[in-house]
Amino acid sequence: MDYNRILVTAALPYANGPIHIGHLAGCFLPADIYVRYQRAQKRDIKFVCGSDEHGVPITIRARKEGTTPQAIVDKYHKMIGDSFNDMGISFDIYSRTSSKGHHETAQAFFKKLYDDGIFEEKETEQFYDEEAKAFLADRYIIGTCPVCGNENAYGDQCEKCGSSLSPEQLKNPHSALSSSIPVKKKTKHWYFPLNKYEDFLKEWIVEGKKDEWKSNVYGQCKSWLDNGLQPRAMTRDSNWGVPVPLPNAEGKVMYVWFDAPIGYISATKELTPQWADYWQKEDTKLVHFIGKDNIVFHCIIFPSMLKAHGDFILPDNVPANEFLNIEGDKVSTSRNWAVWVHEYLKDFPEQQDILRYVLCANAPETKDNDFTWKDFQDRNNSELVAIFGNFVNRTFVLMHKLCEGRVPPLHEDILDEQDKAIIQAIKDAKTYVEQNIENYKFRDALYEVIDLARKGNKYMQEKEPWIVAKTLADNPENQMKIDNCMHLCLQLTANLAILANPFMPFTTQKMLHMMKVVDKMLEWENAGRLDLLKVKYPLRAPELLFKKIEDEQVKEQVDKLHEASAASKQQAEQETKSSAPVKEEIVFDDFAKLDLRVGTILHAERVPKTDKLMKIELDMGFEKRTVVSGIAQHFEAEAIIGKQVTVVANLAPRKMKGIESKGMILMAEDADGKLVFVSPVQQTAPGSEVR
RNA sequence: GGCGAGGUAGCUCAGGCGGUUAGAGCGCAGGAUUCAUAACCCUGAGGUCGAGGGUUCAACUCCCUCUCUCGCUACCA
């Protein structure tokens with residue numbers, strides 16, 4: 001279908017930390033490339049985003065840091081916004097969900113669904129942590145998944161089998177805040193009956209989007225739909241969030257995943273009075289750029305909400321990317337294993353385009369990918385510097401030397417095969433780049449841009465105008481050959497500017513300056529044209545578009561990564577030490593119930609088909625017994641034979657992997673998870689009591 | 001042990017309704033060249049497409065088994 005306008009959203013970053021390059025590569029950069037391209041096409045397009053500022057993690061962080069949630073989100077909203085701005089992510093608006101406008105929009109949306117009787121109102125017993133004095137958000141309850149039996153499923157989702165859950169379905173729930181057992185407390189909430197939208201979703205996605213959506217997105221949606229959907233509570237007990245706009249709803253706010261996607265709508269409202277055109281007219285193409293962790297919300301829940309509301313269009317596509325690893329390891333904010341955008345900008349000032357280039361060329365479009373600083377260096381040095389930058393530079397230098405600094409004429413009567421081939425290549429490049437971007441294949445599109453520069457280098461090499469110049473004394477007419485070559489190289493350069501613009505806007509601006517042309521030239525319809533630079537037009541001296549990345553810079557960054565990670569680990573260790581709370585006080589009789597004994601290891605062997613279990617024969621003095629212990633990753637079986645250990649001798653026996661374990665060997669564990677035996681410092685008779 | 005993804009040139013990866021000599025970029029070797037940020041250009045070496053078996057006239061591409069890697073998860077009380 002033909003669209004008359006486009007609305008692009010990029011996932012709202014969660015305002016409890018800065019953004020890293022994985023965020024850029026997965027979502028914001030592809031969105032920006034797409035948008036810049038569409039703008040160049042002069043299509044009516046809006047690009048909206050903003051900070052997601054509600055939700056439990058922010059309240060927890062505020063509590064931990066002794067400040068308010070508002071202070072936390074103010075800090076990161078500013079920081080994230082600056083990073084985007086500096087990287088050239090060209091939102092039409094970067095809003096925030098704590099804004100008044102968003103609260104009003106979200107409340108109106110909620111009220112409409114309420115008035116239409118969409119919600120199921122349920123008074124339930126909700127889990128409440130008496131120690132933390134708070135109702136527990138879904139993800140702060142851990143328990144056993146009803147679908148697959150995973151004991152560490154979260155209250156909203158089981159990461160093992162991917163099932164979308166509600167906390168009531170969990171077996172053996174416990175609080176992640178204080179690890180106390182949550183108690184049930186009565187509370188009223190409003191549920192969105194996702195199950196009633198299964199048929200709609202199946203028809204819309206499973207039937208309608210099969211060949212249109214990326215296979216990773218489609219496959220995940222299908223598996224959720226196959227497993228069946230449950231009603232989900234769309235409200236929470238909390239004081240941080242959008243208040244539920246109903247009487248008798250004090251202390252109730254909207255579920256953050258209810259209000260966050262509505263943030264796209266409120267941001268659009270804030271941007272333009274014509275906002276409704278972008279959300280309600282069928283001839284609008286709505287595209288959500290997200291990371292793969294957001295697929296369920298953007299493909300299942302939000303569309304159902306929009307459908308239920310009735311006034312809104314549905315997304316045309318949700319091109320979710322996979323994850324970007326760093327130097328072979330998964331990005332982890334808690335381990336501080338990440339390349340932070342604000343730090344990159346500090347370390348590589350004015351070099352945003354290198355990062356944009358590398359992240360796009362190696363984007364995790366079809367599978368998780370790895371970012372390494374070596375690759376960053378290689379791509380910069382051999383592709384941006386040697387191919388792209390060098391072509392532009394040598395073209396300008398030669399033009400100044402051989403053509404008096406002006407665009408030479410094109411003598412059509414002497415065009416040869418090579419000239420015609422390069423002209424065709426320029427025209428083809430437009431088509432290739434365009435088709436790939438339209439299909440969300442940004443890596444391939446960018447390859448075509450560089451490939452055009454590569455063809456330019458080859459063409460110039462074959463033409464050798466610097467050699468031809470030496471023949472001018474004898475054959476002055478050869479100037480025409482030089483003219484043609486340089487003319488085409490210059491037009492190719494102008495084309496490169498247009499094609500590279502969505503990907504590397506900063507570089508494009510430098511090129512425009514050198515060519516003394518204005519932004520209007522970048523309009524996409526100009527791509528493929530050979531008259532972008534007027535004959536005899538004087539051009540400026542070249543400036544280098546890219547500079548090499550030296551080995552030391554690579555080393556510095558890699559070191560920095562490891563140092564930051566080590567520092568964060570150390571900090572975590574200290575926090576563990578200082579914050580591991582001392583357990584509830586016990587009386588002597590409680591302690592006396594424990595029977596601790598010294599035992600000597602007689603024999604040890606790995607339990608087959610397990611990673612961690614070791615079967616250990618112990619001499620307890622009064623008897624020999626078998627204990628199964630989870631230490632196989634820390635010790636070799638032979639190495640521990642003869643060691644003396646402390647054993648809980650009167651622990652109830654328990655079967656593991658078919659072996660009855662009688663007792664438990666005490667271990668000390670440091671912050672690394674490394675295990676050490678707790679042993680008597682001198683040989684002690686087996687069976688000796690420990691008191 | 002379970003689930004998912006994956007094993008294609010030294011490296012990073014494409015690809016393939018099964019069908020002539022399996023691709024790209026980087027790296028490497030050699031050559032050419034000097035307009036250009038020792039850049040560009042040309043040529044070349046290099047792969048039994050993880051292993052084994054099966055289906056087929058024909059498999060790297062389909063099926064089965066195995067193996068290894070990565071992630072999640074289980075066993076740790």
Side-chain angles (χ1 to χ4, degrees), chain A residues 144-145 147-153 158-163 216 219-220 223 292 322-323 325 328-330 358 361-362 365-372 374-375 377-403 441 443-444 447 450-451 453-470 482 485-486 489 542-550 606-615 627-634 648 651-659 661 663-667 669 673 675:
Chain A
T144 304
C145 172
V147 179
C148 69
N150 168 23
E151 290 182 16
N152 284 309
C158 171
E159 302 206 323
K160 182 179 174 193
C161 64
S163 301
N216 57 336
Q220 231 189 112
S223 104
K292 70 172 168 187
E322 302 284 303
F323 288 148
N325 295 329
D329 263 327
K330 217 178 151 159
V358 173
N362 191 29
E365 285 179 7
T366 53
K367 60 170 190 182
D368 290 0
N369 266 347
D370 198 26
F371 173 93
T372 65
K374 181 80 180 89
D375 182 59
Q377 179 192 31
D378 283 347
R379 285 191 183 274
N380 176 70
N381 292 359
S382 61
E383 290 167 25
L384 291 180
V385 175
I387 306 284
F388 191 101
N390 185 40
F391 173 75
V392 174
N393 185 242
R394 65 200 295 217
T395 295
F396 265 70
V397 169
L398 271 180
M399 180 268 303
H400 279 282
K401 285 188 180 174
L402 306 179
C403 305
K441 292 177 159 186
R443 293 173 68 137
D444 292 348
Y447 178 86
I450 295 297
D451 203 48
R454 195 173 271 127
K455 285 171 180 152
N457 276 318
K458 185 177 164 128
Y459 168 75
M460 190 192 286
Q461 198 69 30
E462 286 166 347
K463 287 288 177 180
E464 308 182 301
W466 53 92
I467 302 281
V468 177
K470 291 177 183 168
I482 295 175
C485 173
M486 295 319 300
C489 285
E543 56 176 310
L544 297 180
L545 296 177
F546 302 99
K547 59 183 182 191
K548 285 196 151 195
I549 300 289
E550 303 298 335
R606 293 281 303 264
V607 179
K609 306 201 170 181
T610 66
D611 288 342
K612 296 186 183 171
L613 297 188
M614 186 98 79
K615 180 181 168 190
V627 168
V628 177
S629 184
I631 59 171
Q633 284 177 327
H634 300 271
V648 182
L651 191 68
R654 178 177 162 132
K655 266 200 173 178
M656 280 178 275
K657 291 283 163 191
I659 304 163
S661 176
M664 168 180 168
I665 296 174
L666 297 186
M667 310 290 297
E669 180 175 14
L675 297 178

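Order of the sequence lines fixes the chain letters, A, B, ..., with proteins taken first and strands second; residue numbering starts at 1 for each chain.
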Paired to B:A51 by Watson-Crick or G-U wobble criteria (both distances under 3.5 Å) is B:U65
Euclidean distance, atom CD of residue A:Gln377 to atom P of B:A39 [Å, nearest integer]: 12 Å
Taking atom C1' in both B:G52 and B:U73, compute the distance separating them and give it to the nearest angstrom. 30 Å
Can you check the distance between B:U67 and B:G31, where both ends of the measurement are the P atom (answer in whole Å)? 49 Å
Find the partner of B:G46: check Watson-Crick (N1-N3 plus N6-O4 or O6-N4) and G-U wobble (N1-O2, O6-N3) distances, both under 3.5 Å, and reply none if neither fits. none
Side-chain donor/acceptor of A:Asn381 to backbone N/O of A:Ala386, under 3.5 Å: no
Taking only the C1' atom of each, what is the distance from B:G6 to B:G15 in whole angstrom? 16 Å
In Å, rounded to the nearest 0.5 Å, how long is the span from OG1 of A:Thr372 to CG of A:Asn362? 8.0 Å
dist A:Glu383:CD -> A:Asp378:CG (nearest 0.5 Å) comes out at 8.5 Å
If you define the side chain from C-beta out and look only at heavy atoms, does anything of A:Pro542 sit under 4.5 Å from A:Val397? yes
Between A:Lys458 and B:C40, does any side-chain N or O lie under 4.0 Å from OP1 or OP2? no
Work out how far the C1' atom of B:G23 is from that of B:C35, and round it to whole angstrom. 32 Å
Just the rounded figure in Å: distance from C1' of B:C11 to CG of A:Asp375. 10 Å
I would like to know whether A:Val358 and A:Asn380 meet side-chain contact (heavy atoms from CB on, under 4.5 Å); could you show each step before the answer? CA-CA 8 Å; A:Val358 173; A:Asn380 176 70; 5.6 Å; no
Please determine whether the number of non-hydrogen atoms from other residues, nucleotides or ligands lying under 6.0 Å from atom NZ of A:Lys441 exceeds 12. no
Can you check the A:Asn325 CG to B:U12 C1' distance for me, whole Å? 14 Å
Between A:Asn362 and A:Gly630, which is nearer to the 5' end of RNA chain B once each is assigned its nearest nucleotide? A:Asn362
P atom, B:C75 versus B:U48: distance in rounded Å? 43 Å
Determine whether A:Ile387 and A:Asn457 make a side-chain contact, defined as any pair of heavy atoms from C-beta on separated by less than 4.5 Å. yes
Pairs under 3.5 Å (N/O, protein and nucleotides 22-29 of chain B):
| residue | atom | partner | partner atom | Å |
| --- | --- | --- | --- | --- |
| B:A24 | O2' | A:Tyr447 | OH | 3.1 |
| B:G25 | O2' | A:Glu383 | OE2 | 3.3 |

How far does the P atom of B:A58 sit from the matching atom of B:C72, given to the nearest Å? 44 Å
Contact letters for nucleotides 33-38 of chain B, in which S counts primed atoms plus P, OP1 and OP2 and B counts the base, heavy atoms under 4.0 Å: SSBBB-
How far does the P atom of B:C49 sit from the matching atom of B:C11, given to the nearest Å? 16 Å
I'd like to check A:Thr395 versus A:Met486 (side-chain heavy atoms, cut-off strictly below 4.5 Å). Are they in contact? yes
Is the NZ atom of A:Lys455 crowded by more than 12 outside heavy atoms at less than 6.0 Å? yes
Determine which nucleotide pairs with B:C70, using a 3.5 Å limit on both distances of a Watson-Crick or G-U wobble pair. B:G4
Which part of the nucleic acid, if any, lies within reach of A:Val648 when heavy atoms closer than 4.0 Å are counted: base, sugar-phosphate only, or nothing? nothing
When the distance from CG of A:Asn380 to P of B:U12 is rounded to whole Å, what number comes out? 20 Å
Find the distance A:Lys441:NZ to B:C13:C1' and express it as a whole number of Å. 15 Å
Identity of whatever pairs with B:G10 - Watson-Crick or G-U, under 3.5 angstrom: B:C26
Answer for the Watson-Crick or wobble partner of B:U21, both distances under 3.5 Å, is none
With both distances kept under 3.5 Å, what pairs with B:A36, Watson-Crick or G-U wobble? none
Carefully, step by step, assess A:Gln461 and A:Arg394 under the rule side-chain contact (heavy atoms from CB on, under 4.5 Å). CA-CA 11 Å; A:Gln461 198 69 30; A:Arg394 65 200 295 217; 3.0 Å; yes
Euclidean distance for P, B:A5 against B:U65 (whole angstrom): 15 Å
The test is side-chain contact (heavy atoms from CB on, under 4.5 Å); show your working for A:Lys458 and A:Phe391 and say whether it passes. CA-CA 10 Å; A:Lys458 185 177 164 128; A:Phe391 173 75; over 6 Å; no
